[in-house]
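A quick write-up on the structure given underneath.
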Number of protein chains: 2
Amino acid sequence: MGRIKTESNASRKEVIIEKAAALFKEKGFKAASMRELADIVGVEAASLYNHIKSKNELLNIICFDVANRYMHKLDEIEAEKTTSIAKIEKLLRYHIEGMLNHFDEVYVSDREWKHLDNPYLSNLQTQRRAYRKRFAALIEEGIRRKEIKKIDAPTAVLIMLHAISGIESWHRSKQKISGKELEENMVTIMIDGLRK
Amino acid sequence: MGRIKTESNASRKEVIIEKAAALFKEKGFKAASMRELADIVGVEAASLYNHIKSKNELLNIICFDVANRYMHKLDEIEAEKTTSIAKIEKLLRYHIEGMLNHFDEVYVSDREWKHLDNPYLSNLQTQRRAYRKRFAALIEEGIRRKEIKKIDAPTAVLIMLHAISGIESWHRSKQKISGKELEENMVTIMIDGLRK
DNA sequence: AAAATACACTAACTAACGTTAGCATTTAAG
DNA sequence: CTTAAATGCTAACGTTAGTTAGTGTATTTT
């Protein structure tokens with residue numbers, strides 16, 4: 001069928017990963033086949049294995065790329081010297097922008113991690129748990145400082161993370177507002193609530 | 001292996017559907033196999049087909065059961081004569097309780113509908129779109145009545161529905177607060193926001 | 001008790017999947 | 001220009017999947 005086309009900077013492996021993320025998002029990891037991915041990449045299925053070890057390796061890479069990116073950002077934000085609300089808002093905005101700019105990867109990482117195999121599965125679960133715990137700690141700090149009302153911090157984290165992952169419906173919707181407007185609306189609603 | 005055990009009221013088909021929902025939730029629709037489901041039900045795989053037409057029929061039933069339940073509730077709530085905020089809160093609580101009481105079904109309906117085949121796929125998509133539109137209309141009514149701040153209504157719907165579907169993490173977590181507390185916290189955060 | 005229905009079993013089919021082996025061809029290095 | 005490495009292809013493998021056919025047994029109906 002021909003060679004895999006790369007755009008100057010990207011390796012062939014990176015091209016495959018990118019297309020895989022889009023396919024896994026669309027069909028789900030299990031329902032997506034290597035022959036389909038090969039078609040999209042423009043190559044025969046067997047040729048993919050010159051670049052990758054297995055289908056699962058693709059999922060591993062996608063999931064950990066995303067997880068590591070968010071972990072780094074959290075490190076950065078925790079170190080800042082601002083109010084708790086400001087930190088939370090910053091993290092929230094980072095999540096929203098991540099969802100807007102790296103949609104496929106983030107979506108797959110969020111919804112398909114179940115299909116990782118060990119030890120990657122346990123590793124990612126541990127990492128995600130730790131992330132949520134640190135996020136919750138940020139909220140609890142805000143409660144102690146009386147910036148935030150007394151609510152259950154893990155519940156707040158759960159709401160925010162899942163609300164953001166809902167941007168997929170926004171992606172699919174026809175009459176959509178701009179990314180920036182979406183971000184402002186989400187932050188407003190989550191920080192200040194619906195009630196006027 | 002033996003007959004399927006039913007509890008007085010439930011037909012054998014209902015038993016299968018119930019177990020299927022739990023299995024599809026745990027593994028995902030595509031990754032769950034009929035042989036596995038048969039094992040759980042306590043029967044050989046082929047025997048399932050005395051009760052159901054296909055694997056996909058199970059998914060159809062699960063998805064439309066859930067969708068119809070929410071549609072009915074929305075009909076009911078729209079007809080009430082209260083404030084918009086009260087209507088939204090009521091719907092929110094219904095969603096939260098649905099997630100707590102029929103977790104497997106709701107979860108599967110939310111995450112696995114992609115694997116429906118036509119015409120069910122289009123039907124459900126249409127129904128869900130209609131639901132979100134009517135939910136958004138409730139919010140817009142609230143904005144007109146000045147009960148709710150000026151935000152993008154579809155975004156608010158997106159946030160609320162996905163926040164609720166996040167209750168899965170709550171289900172998985174060890175140190176969890178009670179269902180009632182969870183409900184109160186979610187409603188508080190979404191109606192009134194984080195900020196004190 | 002006999003007849004009809006509901007339900008379960010074994011065995012097997014076809015299709016699709018991820019992946020490997022072995023060989024050909026293109027690209028890059030010496 | 002020759003050689004080595006990278007990358008592609010065809011063919012095929014072993015598994016697993018959903019499902020059907022055909023047959024026997026339990027349950028319900030008459």
Side-chain angles (χ1 to χ4, degrees), chain A residues 1-21 23-24 26-63 108 112 114-118 120-121, chain B residues 1-21 23-24 26-63 108 112 114-118 120-121:
Chain A
M1 293 179 85
R3 304 226 127 193
I4 298 176
K5 286 157 189 52
T6 64
E7 295 165 20
S8 52
N9 278 338
S11 75
R12 282 171 229 278
K13 184 165 182 174
E14 284 164 344
V15 172
I16 294 173
I17 294 167
E18 201 178 302
K19 307 272 192 186
L23 182 63
F24 293 169
E26 203 186 300
K27 301 239 171 177
F29 178 73
K30 280 286 177 186
S33 83
M34 294 304 275
R35 285 170 174 85
E36 214 171 345
L37 175 58
D39 255 18
I40 292 167
V41 170
V43 94
E44 289 300 319
S47 306
L48 293 173
Y49 290 84
N50 286 320
H51 304 278
I52 62 164
K53 231 173 67 27
S54 68
K55 186 187 184 187
N56 262 280
E57 192 204 3
L58 290 170
L59 187 58
N60 293 342
I61 292 171
I62 292 170
C63 289
V108 168
E112 306 292 331
K114 276 185 194 183
H115 303 106
L116 288 170
D117 38 25
N118 276 317
Y120 301 97
L121 178 59
Chain B
M1 293 180 84
R3 306 224 125 192
I4 298 177
K5 286 155 191 53
T6 65
E7 296 167 21
S8 55
N9 279 337
S11 75
R12 285 169 166 69
K13 184 165 182 173
E14 284 165 343
V15 172
I16 294 173
I17 293 167
E18 201 178 301
K19 306 272 190 185
L23 183 62
F24 293 170
E26 202 185 300
K27 301 238 173 179
F29 178 73
K30 280 286 178 185
S33 83
M34 295 304 276
R35 284 169 176 85
E36 213 171 348
L37 175 58
D39 255 18
I40 292 167
V41 170
V43 93
E44 289 300 320
S47 307
L48 294 173
Y49 290 85
N50 286 318
H51 305 279
I52 61 163
K53 232 174 63 28
S54 68
K55 185 186 183 188
N56 261 280
E57 192 205 0
L58 290 170
L59 188 59
N60 293 342
I61 293 172
I62 293 169
C63 289
V108 168
E112 306 291 330
K114 276 185 192 181
H115 303 107
L116 290 170
D117 38 26
N118 276 319
Y120 301 97
L121 178 59

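Throughout, protein chains are lettered first and strands after them, A, B, ... in sequence-line order, and every chain is numbered starting at 1. Predicted model, so just to flag it, every value in this text is computed and none were measured.
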Could you check whether atom OH of Y120(A) has more than 12 heavy atoms from other residues, nucleotides or ligands sitting under 6.0 Å from it?
no

With sequence neighbours excluded, what pairs up with L121(A) under the side chain to side chain contact (heavy atoms under 4.5 Å, CB included) test?
W113(A), L116(A), N118(A), Q125(A)

Can you sort out the partners of K19(B) under side chain to side chain contact (heavy atoms under 4.5 Å, CB included), two or more places apart, ordered by chain and number?
V15(B), L37(B), I40(B), V41(B)

What distance do K53(A) atom NZ and L58(A) atom CG have between them, rounded to the nearest 0.5 Å?
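So the NZ of K53(A) and the CG of L58(A) are separated by 11.0 Å.
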
List in chain and number order the residues that pass side chain to side chain donor-acceptor pair (under 3.5 Å) with K13(B), two or more places apart in sequence or in another chain; answer none if no residue qualifies.
E57(B)

Using atom [atom1] of [X] as one end and atom [atom2] of [N] as the other, report the distance to the nearest whole Å.
X: D39(A); N: dG8(D); atom1: CG; atom2: C1'; result: 15 Å
X: Y49(A); N: dA12(D); atom1: OH; atom2: C1'; result: 15 Å
X: M34(B); N: dA16(C); atom1: CE; atom2: P; result: 18 Å
X: R35(A); N: dG18(C); atom1: CZ; atom2: P; result: 7 Å
X: E44(A); N: dA21(C); atom1: CD; atom2: P; result: 19 Å
X: K30(B); N: dA17(D); atom1: NZ; atom2: C1'; result: 10 Å

In the structure I gave you, are the side-chain heavy atoms of F24(A) and I62(A) within less than 4.5 Å of one another anywhere?
yes

Using a 4.0 Å heavy-atom cut-off, does A31(B) contact any base of the nucleic acid, only the sugar-phosphate backbone, or nothing at all?
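Touches nothing.
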
What heavy-atom pair brings K55(B) and F29(B) nearest, and what distance separates the two atoms?
NZ-O, 2.8 Å

Check each residue of residues 52-63 of chain B for a non-hydrogen atom within less than 4.0 Å of any atom in DNA chain D, then write out the ones that pass by number, or none.
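Per residue number, the list reads S54(B), K55(B).
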
Enumerate the protein-to-nucleotides 3-7 of chain D contacts in which both atoms are nitrogen or oxygen and the separation is below 3.5 Å.
from   : atom 1 : to     : atom 2 : distance (Å)
dT7(D) : OP1    : R12(A) : NE     : 3.0
dT7(D) : O4'    : R3(A)  : NH2    : 3.3

Applied to residues 27-37 of chain A, the salt bridge (charged side-chain N to carboxylate O under 4.0 Å, His left out) test, sequence neighbours excluded, yields K27(A)-E36(A)

